[in-house]
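Below: the structure, in structure tokens.
Reckoned from all heavy atoms, side chains included, excluding hydrogens, waters and symmetry mates.
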Amino acid sequence: MRRVISISLGSSERDHAVEVKILGQTFRIERIGTDGDRSRAIELIKSLDGQVDAFGMGGIDLYISAGSRRYTIREAVPIARAAVKSPIVDGSGLKNTLERKVVRHLASHHPRVGLSGKRVLLVSGVDRFGMAEALVEAGSQVTFGDLIFILGIPIPLRSLKALDLVARVVAPIACQLPFNMLYPTGDKQTQVTPKYHRYYHEAEMLAGDFHLIRRFMPDNLTGKTILTNTVTPADVGELRRRGAKLLITTTPELNGRSFGTNVIEAVLVALAGKPWNQMTPDDYDVLLDKIGFVPRIEHLTDQASAV
């Protein structure tokens, strides 16, 4: 049996474990949250190093991207270096492959989702640049919320060019800050502080990292489509209570849970049979096609129609 473990800075309340068969191989996939404790995350990785086929690094990214540039988040480096024998990935490889494929799949196979002309709030473009480019390519009217949702500066960005220009100035500085200033970790992931309602209400689709979407979301999400990654059954119930219409997750549902991109990337690395640091976008594409991953699409209202 292959073993993949995601060590996350997120809340331990979201811990989960499943056993699934992928390409004929049995996987035990676990997620262990450390409630924002970076030292504990490092200790766990060191204690399990060599006992697992691959680690996922959850609740924090090692890299963010915009345009052709990639920026390294300082506080993630010691976590990544804690694994010496087992490979460790943060999901960034899949954010530029799987999520791009998902948006293209929606555009070509689910036209009723209506990406062309749709007003989309992507809460952070540098976190999911593959999704950002694919949404623009599909003809969506995308607002990038990086300044709003990461730095608390209520200035929307309306183009990839604007995102790239801001990232060149802000990202090198922001990546040196304590990560909990940029992204909710630990029990902050369970807190919702309604804020920035204007940007939610003007959008027809809310896209990107679920914790960033959830962080400030209003009580009323009537009619909204949510395009995101990791959700639990409780998250789905919360979206349903707030009136969201459609949930699309870029990672597949495994025993009632959509895991993060770091987990799925770790699974692919374990399957690849080659050194993880030699993996290319083409390698991920080939494996994704073999597995046949498709986005999870779930109607959240009683007025559901085929998509």
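Between Tyr183 and Asp61 the shortest side-chain heavy-atom distance does not fall below 4.5 Å. You'll find the side chain of Tyr284 stays beyond 4.5 Å of the side chain of Leu98, heavy atoms only. Contact of the Leu287 side chain with the Val267 side chain is not registered, since no non-hydrogen atoms from C-beta on lie closer than 4.5 Å. With a 4.5 Å cut-off on side-chain heavy atoms, Arg3 and Glu30 count as touching. Contact of the Leu62 side chain with the Ser92 side chain is not registered, since no non-hydrogen atoms from C-beta on lie closer than 4.5 Å.
Between the side chain of Arg38 and the backbone N or O of Glu75, at least one donor-acceptor pair lies under 3.5 Å. The closest donor-acceptor contact from the side chain of Asp49 to the backbone of Ala83 lies at 3.5 Å or more, if one exists at all. With hydrogens and angles disregarded, no donor-acceptor distance shorter than 3.5 Å links the side chain of Arg2 to the backbone of Asp53. Asn262 places no side-chain N or O within 3.5 Å of a backbone atom of Ser6 that could act as its donor or acceptor partner. Side-chain atoms of Lys118 never come within 3.5 Å of backbone atoms of Leu135 as a donor-acceptor pair (strictly under, hydrogens ignored). At least one donor-acceptor pair closer than 3.5 Å links the side chain of Gln141 to the backbone N or O of Gly117. Counting only distance, with no hydrogens or angles, the side chain of Thr185 and the backbone of Leu9 share no donor-acceptor pair below 3.5 Å. The backbone N or O of Leu212 lies less than 3.5 Å from a partner atom in the side chain of Asp209, making a donor-acceptor pair.
Between Leu300 and Ala244, the shortest heavy-atom distance links the atoms CB-O, 3.1 Å. The heavy-atom pair separating Ser39 from Asp37 by the smallest distance is N-OD1, 3.1 Å. The two residues Gly56 and Ala266 make their nearest non-hydrogen contact at N-CB, 4.1 Å. Val103 approaches Met131 most closely through the heavy-atom pair CG2-CG, 4.2 Å. The two atoms that bring Leu106 and Pro295 nearest to each other are CD2-CG, 4.3 Å, heavy atoms only. Nearest heavy atoms, Glu265 versus Gly93: OE1-N, 3.3 Å.
Residue pairs meeting the ring pair (Phe, Tyr, Trp, His ring centres under 6.0 Å) criterion with at least one partner in residues 68-107, sequence neighbours excluded, are His105-His109, His105-His110. Among residues at least two apart or in separate chains, salt bridge (charged side-chain N to carboxylate O under 4.0 Å, His left out) pairs with a member in residues 229-239 are Arg14-Asp235, Arg214-Glu238, Glu238-Arg242. For residues 227-249, no residue pair satisfies the ring pair (Phe, Tyr, Trp, His ring centres under 6.0 Å) rule, not counting sequence neighbours.
Remark: Asp15 pairs with Arg31 by the side chain to side chain donor-acceptor pair (under 3.5 Å) rule, at least two apart or across chains. For Arg119, the salt bridge (Lys or Arg N to Asp or Glu O under 4.0 Å) partners at least two apart in sequence or on another chain are Glu204. For the side chain to side chain donor-acceptor pair (under 3.5 Å) test, no residue two or more places apart in sequence or in another chain qualifies with Ser65. Asp289 pairs by the salt bridge (Lys or Arg N to Asp or Glu O under 4.0 Å) definition with Lys101, not counting sequence neighbours. Applying the side chain to side chain donor-acceptor pair (under 3.5 Å) rule to Arg215 yields no partners; only residues at least two apart in sequence or on another chain are considered. Scored by the salt bridge (Lys or Arg N to Asp or Glu O under 4.0 Å) test, Arg74 finds no partners at all (sequence neighbours excluded).
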For a quick test of your reading: what N or O donor-acceptor pairs under 3.5 Å do the side chains of residues 120-129 make, sequence neighbours left out?
unit_1, atom_1, unit_2, atom_2, d
Ser124, OG, Asp127, N, 3.4
Ser124, OG, Asp146, OD2, 3.0
Asp127, OD1, Lys95, NZ, 2.9
Arg128, NE, Glu99, OE1, 3.0
Arg128, NE, Glu99, OE2, 3.0
Arg128, NH2, Glu99, OE2, 2.7

Cut-off 3.5 Å, no hydrogens considered: what does the side-chain donor-acceptor table look like for residues 221-231, sequence neighbours left out?
unit_1, atom_1, unit_2, atom_2, d
Thr222, OG1, Asn220, OD1, 2.5
Lys224, NZ, Tyr200, O, 3.1
Lys224, NZ, His201, O, 3.1
Lys224, NZ, Ala203, O, 2.4
Thr228, OG1, Gly208, O, 2.7
Thr228, OG1, Phe210, N, 3.1
Asn229, OD1, Phe210, N, 3.3
Thr230, OG1, Gly260, N, 3.2

What side-chain donor-acceptor pairs closer than 3.5 Å can you find for residues 154-175, not counting sequence neighbours?
unit_1, atom_1, unit_2, atom_2, d
Arg158, NH1, Thr143, OG1, 2.4
Arg158, NH1, Glu202, OE2, 3.3
Ser159, OG, Ala162, N, 3.0
Asp164, OD2, Arg168, NH2, 3.2

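When hydrophobic clusters are built by joining Ile, Leu, Val, Met, Phe, Trp and Tyr residues whose side-chain heavy atoms come closer than 4.5 Å, directly or via intermediates, Ile213 is grouped together with Ile297. Under the 4.5 Å side-chain contact rule for hydrophobic residues, Val286 and Val89 do not share a cluster. By the criterion of side-chain heavy atoms lying less than 4.5 angstrom apart, applied directly or through intervening Ile, Leu, Val, Met, Phe, Trp or Tyr residues, Leu268 is not grouped with Val294; the two fall into different hydrophobic clusters.
In Glu13, the CD atom is not crowded: 12 or fewer heavy atoms of neighbouring residues, nucleotides or ligands sit closer than 6.0 Å. Summarising the local packing, NZ of Lys274 is surrounded by more than 12 heavy atoms from other residues, nucleotides or ligands at distances under 6.0 Å. Met181 CE: 12 or fewer foreign heavy atoms inside a 6.0 Å radius.
Under the 30°/60° scheme for interplanar angles, the aromatic rings of Phe149 and Phe216 are found to be tilted.
Atoms CD and CG, on Glu133 and Asn96 in that order, are 7.5 Å from each other to the nearest 0.5 Å. Interatomic distance, OG of Ser11 versus CG of Asp35, reported as 5.0 Å (0.5 Å rounding). Interatomic distance, Ile60 CD1 to Leu182 CG, rounded to the nearest 0.5 Å: 9.0 Å. Note that CD1 of Ile64 is 11.0 Å distant from CG of Asp90, once rounded to the nearest 0.5 Å. Separation of atoms CD1 (Ile264) and OG1 (Thr250) is listed at 9.0 Å; rounding is to 0.5 Å. Of the inter-residue distances, the one linking Arg240 atom CZ with His299 atom NE2 reads 11.5 Å to the nearest 0.5 angstrom.
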**Request:** Begin with the C-alpha distance, continue with both residues' side-chain angles, and end with the deciding distance and a verdict on side-chain contact (heavy atoms from CB on, under 4.5 Å) for Glu298 and Val236.
**Result:** CA-CA 9 Å; Glu298 182 174 349; Val236 176; 3.7 Å; yes
**Request:** Start with the C-alpha distance between Leu271 and Ile291, add both sets of side-chain angles, then the distance that settles side-chain contact (heavy atoms from CB on, under 4.5 Å), and finish with yes or no.
**Result:** CA-CA 11 Å; Leu271 284 168; Ile291 295 168; 4.0 Å; yes
**Request:** Would you check, one step at a time, whether the test side-chain contact (heavy atoms from CB on, under 4.5 Å) holds for Asp283 with Thr280?
**Result:** CA-CA 5 Å; Asp283 292 325; Thr280 67; 3.1 Å; yes
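Using a 4.0 Å cut-off between charged side-chain N and carboxylate O, Glu137 and Arg100 make no salt bridge.
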